[in-house]
2 protein chains.
Amino acid sequence: MPCNRLHVKRSSEIGPVAPYSERVTQQRGSGGRPTINQVAEAAGVSKSTVSRAFSRPEMITAETVAHVMEVATRLGYVPNHTARALSTGRAGTVAIVVPDIANPFFPPLIRGAQAAADQAGFSLLLGDSDEDPTREDVLVGKLGPQTDGIVLASSRMTEEQILAHAERRPLVLINRDVPGLPRVLIDTATGIEAAVEHLAGLGHRHLVYVSGPASSWSNAQRRHAVRAAGRRLGVKVTAVAARRSTYDAGVQRTEAILASGASAAIAFDDLLAQGVLAGLAERGMRVPDEFSVIGCDDVLAATMYPPLTTVSAHGGDAGRAAVDLLLSSLDGARADVRRELDTSLVLRSTTAPPAG
Amino acid sequence: MPCNRLHVKRSSEIGPVAPYSERVTQQRGSGGRPTINQVAEAAGVSKSTVSRAFSRPEMITAETVAHVMEVATRLGYVPNHTARALSTGRAGTVAIVVPDIANPFFPPLIRGAQAAADQAGFSLLLGDSDEDPTREDVLVGKLGPQTDGIVLASSRMTEEQILAHAERRPLVLINRDVPGLPRVLIDTATGIEAAVEHLAGLGHRHLVYVSGPASSWSNAQRRHAVRAAGRRLGVKVTAVAARRSTYDAGVQRTEAILASGASAAIAFDDLLAQGVLAGLAERGMRVPDEFSVIGCDDVLAATMYPPLTTVSAHGGDAGRAAVDLLLSSLDGARADVRRELDTSLVLRSTTAPPAG
DNA sequence: CTGTTAGCGCTTTCAG
DNA sequence: CTGAAAGCGCTAACAG
């Protein structure tokens, strides 16, 4: 049934073209792409109908939708994101800002965030604060207004600064525990406990925790977890401080680690663990036969030799969870959600029973 | 001289407020932020003046600018990015899409791109194609319309697909050599040559090139460079193919590498090199005393033990260069720029004269 | 130098 | 179910 119930306007079919082409409507920034108006005219319907065909097809006849779509694709029409954003007040983007993209902890996280955003039809803006609280503040201030929400991963800002931004935009934190704000925390405690238990089970009675940046929330959490588990299992734990989380810092602290008399070490993160491994090797200590090492985050672990036993953080899950949380709270009020993600110990080749 | 030459409108100062507050203009999506109108009214100037104070201050009196700014900050006004974008036709963002953020080659590159964009007042949209040409195509199609331009890093799309997108938006390629399109190529050839020279200088007469993905442009370039340099320097080169660029692939191909009889290896990239190192260690071969290994890209190198001698790609520079190129070509025509970035050999600890 | 007046392209009441 | 009209917040001629 060839039912063409669409009334077609033929107004511009005959008249002279010259007079109109004279004032070739400036075309300011339209990028040459066809607009909703052109589709409407070509399809013989109104703007509204075309708009609805794209945004709420259920509101109009299936036939109409089909026809509009047909014309639209023929013309190569694609809804203008910006115009839609201005009209609806929704940017269709979320931003994620991290202290340092090059830090291997973040890429998987960003990847998860991007996947979650993409899946929900959102785009992902990326910001790198370069570990600088001030830059981060500025960056968030700049990104905020052009997004529907922001996720701050391992923010270096003060709680005040964070709260100020949360006032303006939906905001979710990753690895930063600010009460009142939605946050996803990677609970390394569970994995750390498993690590200590693993070591204790192997027979170790004394281990050292190689701590990371003093100002790091994660570091505090991990140190505490090691201590608690050690106490519970009757394993002595000594702390050796490595200010920065770098390979070199790990190498340098090896001396102190060995001096403690412990037979195993749990490092703040994989980078540090790798440094410790190198430091140990330099001194001719064989791992894991003479000394055991466990890392944290599982970012380097799989590509090292020997493969590092470590606590896996599932960064991708965190990124995904954060974006999902953000998206779900877009129209709702600021929820005080505190989502903890478990971690697990991944056994590889750097642990064994203590020597002797 | 207290010259207040600003004529202030006092119209709304006395009249009753109730009747107006009744129709609290829907506020659709304004996010509650003050608009240019409110600033204009509060400052006793017109919209245009406020607009100019922000976009082209040089067009108006310094005094006026100061006054507008004062009022604006007092009201907490921030120009609406979206509205500006719609009006000017410039999104103020550029996108970068990579095959896999988690691949350590890309983070530095993204970092450079983000820095360059940020510096120019642009924001960076990030896309991850997950190594899938189809996803990449869709992603670019989605990101394109909401950006002023796109940089495609190590694109997996066909030349046709790339060209199609380049038709719609300014586009610059990284590590993909499509004539007619602006592109920045990391010329690993220079670094590779230096590597072969280094090895030859050390006394090696036979080396193997551990090749990466067959479809990779970079792989072809590197293999060719090794061959050419070898020929020039009288060094025999054997190729051993590792299909994928992974640690495991490197481990697995060690057998073949050793079987070739060579005394050194240059791997397609660091990941592969690391695998080779591990494979060598498994077989009790000491590096660099018994066998030399050189990687490529310098992404893992600094955090490995032993520290890997490698060809540094300067990914950050590439990202930055690509964005700069993109930004500079925003209003100009599509330029056929082909920018090659040199690489250099970074000497660390995995090379030495051949044994015996 | 500043104000007026039109839009940018789309969504959304409000009528029919 | 569809159309007409009124904006979203800002910029850009065009006058003054």
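No hydrogens, no waters, no symmetry mates; every other heavy atom, side chains included, goes into these values. In the text below, chain A, chain B and the rest are named by the order of the sequence lines, each starting its count at 1.
- Comparing Phe54(A) and Val65(B) by the nucleotide of DNA chain C that holds the closest heavy atom to each, the one mapping nearer the 5' end is Val65(B).
- Note on Thr49(A): a side-chain N or O is less than 4.0 Å away from OP1 or OP2 of dG3(D).
- In this structure, Arg176(B) contributes its side chain and Arg183(B) its backbone to no donor-acceptor pair below 3.5 Å.
- The distance between atom CD of Glu63(A) and atom P of dC1(D), rounded to the nearest whole Å, is 11 Å.
- In this structure, CZ of Arg90(A) is placed 14 Å from P of dT11(C), rounded to the nearest angstrom.
- One N or O donor and one acceptor, one from the side chain of Ser48(A) and one from the base of dA4(D), sit under 3.5 Å apart.
- A sub-4.0 Å separation between OP1 or OP2 of dT11(C) and a side-chain N or O of Ser55(A) is present.
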Worked check of side-chain contact (heavy atoms from CB on, under 4.5 Å) between Leu152(B) and Ile174(B): CA-CA 6 Å; Leu152(B) 256 36; Ile174(B) 293 183; over 6 Å; no
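- What separates CZ of Arg56(B) from C1' of dT2(C) is a distance of 14 Å, to the nearest Å.
- The base of dA12(D) is not paired with the side chain of Ser87(B) by any donor and acceptor separated by under 3.5 Å.
- For the pair Arg84(A) CZ and dC8(C) P, the interatomic distance rounds to 18 Å; values are reported in whole Å.
- Between Lys47(A) and Ile60(A), the residue anchored closer to the 5' end of DNA chain D is Ile60(A), taking for each the nucleotide with the nearest heavy atom.
- As rounded to whole Å, 14 Å separates atom C1' of dT11(C) from atom NE2 of His81(A).
- Contact check, Thr35(B) against dC8(D): no side-chain N or O comes under 4.0 Å of OP1 or OP2.
- For the OP1/OP2 pair of dC10(C) and a distance below 4.0 Å, the side-chain nitrogens and oxygens of Ser51(A) include no atom meeting the criterion.
- If Arg52(B) and Ala83(B) are placed on DNA chain D by their nearest nucleotide, the residue sitting closer to the 5' end is Ala83(B).
- What separates CG of Leu86(B) from P of dG7(D) is a distance of 17 Å, to the nearest Å.
- Residue Thr64(B) places at least one side-chain N or O under 4.0 Å from the OP1 or OP2 atom of dT2(C).
- Atom CD1 of Ile36(A) is separated from atom C1' of dT12(C) by 12 Å (rounded to the nearest Å).
- Rounding to the nearest 0.5 Å gives a distance of 4.5 Å between CD of Glu160(A) and OG1 of Thr158(A).
- Following rounding to the nearest Å, Gln146(B) (CD) and dG9(C) (C1') show an atom-to-atom distance of 15 Å.
- Without hydrogens or angle criteria, His81(B) side chain to Ala91(B) main chain gives a donor-acceptor distance under 3.5 Å.
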Kindly indicate, with the supporting measurements, whether the criterion side chain to side chain donor-acceptor pair (under 3.5 Å) is fulfilled by Ser123(A) and Gln146(B). CA-CA 9 Å; Ser123(A) 299; Gln146(B) 47 183 312; 3.0 Å; yes
